[in-house]
Amino acid sequence: MVEIELDGQKVSVQEGSMVMHAAEKAGTYIPHFCYHKKLSIAANCRMCLVDVEKAPKPMPACATPVTQGMIVRTKSDKAIKAQQGVMEFLLINHPLDCPICDQGGECQLQDLAVGYGGSKSRYSEEKRVVFHKSVGPLLSMEEMSRCIHCTRCVRFGQEIAGVMELGMAHRGEHSEIQTFVGRTVDSELSGNMIDLCPVGAITSKPFRYSARTWELSRRKSVSPHDSTGANLIVQVKGNQVMRVVPLENEAINECWIADRDRFSYEGLNSDARLTAPMIKQGGAWKQVDWTTALEYVANGLKSIKSDHGAATIGALASPHSTVEELHLLAQLVRGLGSDNIDHRLRHSDFGNAAPAGQARWLGSTIASLSELDRVLVVGSSLRKDHPLFAARLRGSARRGAAVHRIGVNSDDWLMPLAASLSVAPSAWVQALADVAAAIGEGAPLRGTATDEAKAVANSLMSGRAKAVLLGNAAAEHPQASSLLVLAQWIGQQTGASVGYLTAAANTVGAQLVKAQPQVDGLNAAQMLTGVPLKAALLLNTDPVLDAANAAAAARALDAAEMVVVLSPFKSGLEYADVLLPIAPFTETSGSFVNAEGRLQSFVGVARPLLETRPGWKVLRVLGNLLGLAGFDQDSSEQVREQALGGDLAGRLSNATTASPQPAAPVEGIERFANLPIYASDALVRHSTSLQLTTDAREAPTIGLPAGLWQQLALQAGDQVRVVQDGGAAQLPARLEAGLPDGVVRVPAGLPQTATLGAAFGTLSVSKV
């Protein structure tokens, strides 16, 4: 430790720290623009100049290392005069457009100019003008004349997002922040540049000119998308959500959020919102009141139970639903005498389940991902499935961690990889068995210690903090049980933690509240591909877009006598009989359990829209109409207590007793059905700006490996026809050189591919 004197106060900091770090520890604020605690030091704004004794001139606090006995003054005349001089230079070219600037009221430059700026400028020449940049639907760079060249956005792209999409061109007064050759900014974390920008140069394009910051009410919430459980500040004006920004939580999302967390709020205000109960009569939809709709549902369920038995009633729920909604749905179905409930719509191996009331989980804390030395990720589109987990692993890799992956690896994770085993889905089990064989004797499945497997094994045998992580595709794989057994064995031999990245905001919570068959009920695949249900309750889900086999799901729902959709959006109009408008996460109280098993509760930040009602209340009233016991709760807190009880830590388990089985040989071309980042749930599907991004626009294409591309004599832009299980789709072809031979990437979750079959099935491809 090094001790310095800062404004007369003794401060001890780690050797190698900067004066800025000492000031932060002492609680002393030093004005700055380019410095940010999560980014590397650039020292190019010079606003943090301080007076260091014996130094010939003021020194930048962010880039001046501490030395034993150093005396620093941050409020001396010398320091203040230097800071005022820097502020004068910054304001020379800054446009006088604070009254119309979106950053007005929360602008760092505006705040510091009050304390360090002059009352008038000594500069009479024309101010410089920088032309606006068009960088996509999310970021607005219309007023780049405001830029003070702090380069926070540039460093964020390089260090956190993993891709340098912005850079500084030219020199001197001609310097500009811009993209390369006019490209758009496409990172799934790009919105964080809005928060980082200390002036109004980079602002939110969807929010642009829609409200002033002092008009907005700020309320805490939790992201309903991936399993990070990112903490949010939702900003509301006139009962309408206007903006979403991160709430800092070092243990979960640090100070970042993904773009789908930030911009999906547009879906809340979309024309597709369901605002009143509706019943289909004579093939036409008719708005009704809540009493009529709920009595219709209750009478229909009673009638079907009487005529066909309770076993013909089932419920399918999205794991993006709250703990409270899932618990009451499970209670309702079981109260009717059925055990047919499931949230695992995309899964193929339903034997891979934790014991009743327990849950598969991450296997460690989210924060530990930033401290790993060795990690093996199996079956994951990491960047698009879990952007913030990817950012943590990217940080570990930058610090020297060895990251390995096994899967269909045609996507760029934007981080250095020690090994990347790109194999067909049917070969994932064998690839993991090969790694186990390279580690030592006694592996649960016979493998071959290939050179690639040995490299991964040797790496996992070294290092201190290690993890084997199973991604969304590994959890949904037809041999998910075998993958987990092998991962557990590898973890035991190497000392690595083993866990699932888990797909949705409440995947862990859905397991804990038993929103899946417990005794002899039908799982999601059986409900959608076996004997059709007579009555189906759908909570926050459209199985045609959310199930592992879209075509089979459509057939099953068409065959049902009654389909009840509980959703904030008008979904399932083709097959539904009743639509019940339930509140999205911003209009209800509820809870999510994230990947590390952390329970996070939130309250509604806006009133439910028109006739919308919180989902837990709708289910509670429906339970009362059906005469079921256990539906007398007065608050979501009561429901949560009944659903989860006490401590959750003892109920998190990745243990398995399954026996791994070798994969059966596959004939034909295998399908890999990745889920595009902006097709993951109903809210992002209805966000206009997210659907205009490059990710969303490129999603309805079919990726082919080099061999098949040449075999079909394809050119860029050619259309290909895919046939699977009697269904067909025609989409543009895209060459994906990283795809294994015999594998075609056909995305799921899209209307364009909803006519196709199983996510891990085989198909045929032909040139149109």
Does the pair Asp681 and His225 meet the rule for a side chain to side chain donor-acceptor pair (under 3.5 Å), with working shown?
-> CA-CA 7 Å; Asp681 59 78; His225 303 300; 2.9 Å; yes
Are side-chain heavy atoms of [X] and [Y] found at a separation under 4.5 Å?
| X | Y | result |
| --- | --- | --- |
| Ser321 | Asn540 | yes |
| Thr312 | Leu533 | no |
| His477 | Pro425 | yes |
| Pro246 | Cys255 | no |
| Arg346 | Leu675 | yes |
| Ile341 | Gln516 | no |
| Leu683 | Pro224 | yes |
| Val563 | Asp558 | no |

[X] and [Y]: which non-hydrogen atoms are nearest, and at how many Å?
| X | Y | result |
| --- | --- | --- |
| Ala474 | Ala480 | O-CB, 3.4 Å |
| Asn594 | Ser227 | CB-O, 3.1 Å |
| Ser653 | Gln358 | CB-OE1, 3.2 Å |
| His320 | Ala504 | CE1-CB, 3.6 Å |
| Pro532 | Ala559 | CB-CB, 3.8 Å |
| Leu580 | Val564 | CD1-CG1, 3.9 Å |

Worked verdict on His343 versus Gln511 for side chain to side chain donor-acceptor pair (under 3.5 Å) | CA-CA 8 Å; His343 69 277; Gln511 299 172 74; 5.0 Å; no
Result block: side-chain N/O donor-acceptor pairs under 3.5 angstrom for residues 383-393, not counting sequence neighbours:
unit_1 : atom_1 : unit_2 : atom_2 : d
Arg383 : NE     : Glu188 : OE1    : 3.3
Arg383 : NE     : Glu188 : OE2    : 3.0
Arg383 : NH1    : Asp412 : O      : 2.9
Arg383 : NH2    : Glu188 : OE1    : 2.8
Lys384 : NZ     : Glu188 : OE1    : 3.1
Lys384 : NZ     : Asp695 : OD1    : 3.2
Lys384 : NZ     : Asp695 : OD2    : 3.0
Asp385 : OD2    : Ser381 : N      : 3.2
His386 : NE2    : Leu501 : O      : 3.4
His386 : NE2    : Thr502 : O      : 2.8
Arg392 : NH1    : Ser370 : OG     : 2.8
Arg392 : NH2    : Glu250 : O      : 2.8
Arg392 : NH2    : Ile252 : O      : 3.2

Within this structure, what is the [atom1]-[atom2] distance for the pair [X] and [Y], rounded to the nearest 0.5 Å?
| X | Y | atom1 | atom2 | result |
| --- | --- | --- | --- | --- |
| Ser687 | Leu268 | OG | CG | 9.0 Å |
| Ser318 | Asn506 | OG | CG | 9.0 Å |
| Asp342 | Phe350 | CG | CZ | 5.5 Å |
| Asn299 | Ser306 | CG | OG | 12.0 Å |
| Glu254 | Asn249 | CD | CG | 10.0 Å |
| Ile313 | Ser338 | CD1 | OG | 6.5 Å |

Determine which pairs satisfy ring pair (Phe, Tyr, Trp, His ring centres under 6.0 Å) with at least one residue from residues 565-597, sequence neighbours left out, and list them in order.
->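 Ring pair (Phe, Tyr, Trp, His ring centres under 6.0 Å) check on residues 565-597 returns Phe569-His686, Phe592-Phe602.
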Just wondering, are more than 12 heavy atoms of other shown residues or ligands nearer than 6.0 Å to NZ in Lys220?
->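 No, not enclosed.
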Salt bridge present between Asp226 and Arg260 (N-O < 4.0 angstrom) |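 Between Arg260 and Asp226 there is a salt bridge, with a charged N closer than 4.0 Å to a carboxylate O.
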Glu587: which of Arg607, Arg219, Lys617, Arg273 passes salt bridge (charged side-chain N to carboxylate O under 4.0 Å, His left out) |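 Per the salt bridge (charged side-chain N to carboxylate O under 4.0 Å, His left out) rule, the option paired with Glu587 is Arg273, out of Arg607, Arg219, Lys617, Arg273.
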Going through the checks in order, is the side chain to side chain donor-acceptor pair (under 3.5 Å) test met by Asp542 and Ser571?
-> CA-CA 7 Å; Asp542 179 352; Ser571 66; 5.3 Å; no
Val222 vs Leu232, side chain to side chain contact (heavy atoms under 4.5 Å, CB included): CA-CA, chis, key distance, verdict = CA-CA 5 Å; Val222 179; Leu232 311 175; 6.0 Å; no
The single option from Arg334, Gln526, Met527 passing side chain to side chain contact (heavy atoms under 4.5 Å, CB included) against Asn340 =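 Among Arg334, Gln526, Met527, the one that satisfies the side chain to side chain contact (heavy atoms under 4.5 Å, CB included) with Asn340 is Met527.
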Check Leu528, Leu537, Leu539 against Leu316 for a side chain to side chain contact (heavy atoms under 4.5 Å, CB included) and give me the one that passes.
->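 Result: among Leu528, Leu537, Leu539, Leu528 is the only option passing the side chain to side chain contact (heavy atoms under 4.5 Å, CB included) with Leu316.
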Check the pair Thr529, Asn549 against side chain to side chain donor-acceptor pair (under 3.5 Å), reporting the backbone distance first and the verdict last.
-> CA-CA 8 Å; Thr529 61; Asn549 191 321; over 6 Å; no
